[in-house]
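What follows is a short report on a single structure.
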Amino acid sequence: MDTILAFDFGLKRIGVAIGNSMICQAKPLSVITATANEPKFAAIDSLIKEWGASRIVVGLPSHPDGTEHEMSARCRRFANQVHGRFNLPVELVDERYSSAVIAAKRGEVIDDRAAAIILQQYFDANY
């Protein structure tokens, strides 16, 4: 059984969700608010250790027609950094509409719920 952490990467916040390959159900976990690399990756390290994660999923944004989004390259870089720092398999998942399907109040932080949608898409496509 794999414990999987998913990240909805953003410049200001990173949403985090968790799930496992046995029940294949994603749930929101937390939001990382650090913007500098070291505290951001320290928080990720802590989550990986706390939950015993063995796989990482990162949302990859794109335009509705599938073309690259301005954040696509940054998300790929983040995924590569996570892989390089923690030596875990990292998979990218299309996150085109992950935030759009969440009913949120103005100003509400939804990044962890968006990460859960990304992870659920991963489960639905792979298990």
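Owing to the predicted nature of the structure, the values given are computational and were not obtained by experimental measurement.
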Between [X] and [Y], is there shared hydrophobic-cluster membership here, with clusters defined by ILVMFWY side-chain heavy atoms closer than 4.5 Å?
| X | Y | answer |
| --- | --- | --- |
| I117 | M71 | no |
| L29 | V90 | yes |
| I48 | Y122 | no |
| V93 | I18 | no |
| L92 | F86 | yes |

Nearest-0.5 Å distance that lies between atom [atom1] in [X] and atom [atom2] in [Y]:
| X | Y | atom1 | atom2 | result |
| --- | --- | --- | --- | --- |
| I118 | R113 | CD1 | CZ | 13.5 Å |
| R55 | L88 | CZ | CG | 9.0 Å |
| E95 | L119 | CD | CG | 13.0 Å |

Heavy-atom pair of closest approach, residues [X] and [Y]:
| X | Y | result |
| --- | --- | --- |
| D65 | T67 | OD1-OG1, 2.7 Å |
| C24 | F123 | C-CD1, 3.5 Å |
| Q25 | Q120 | CA-OE1, 3.5 Å |
| G59 | P61 | O-CD, 3.7 Å |
| A116 | A26 | O-CB, 3.3 Å |

Any side-chain heavy atom of [X] within less than 4.5 Å of one from [Y]?
| X | Y | value |
| --- | --- | --- |
| V57 | Q121 | no |
| I44 | I56 | no |
| L60 | F9 | no |
| L11 | R74 | yes |
| T35 | K40 | no |
| R76 | E68 | yes |
| V16 | F7 | yes |
| E91 | H83 | no |

Is there a donor-acceptor pair under 3.5 Å between the side chain of [X] and the backbone N or O of [Y]?
| X | Y | result |
| --- | --- | --- |
| D112 | A115 | no |
| E50 | D45 | no |
| D2 | I4 | no |

Residue R77 excluded, over 12 heavy atoms near CZ under 6.0 Å: no
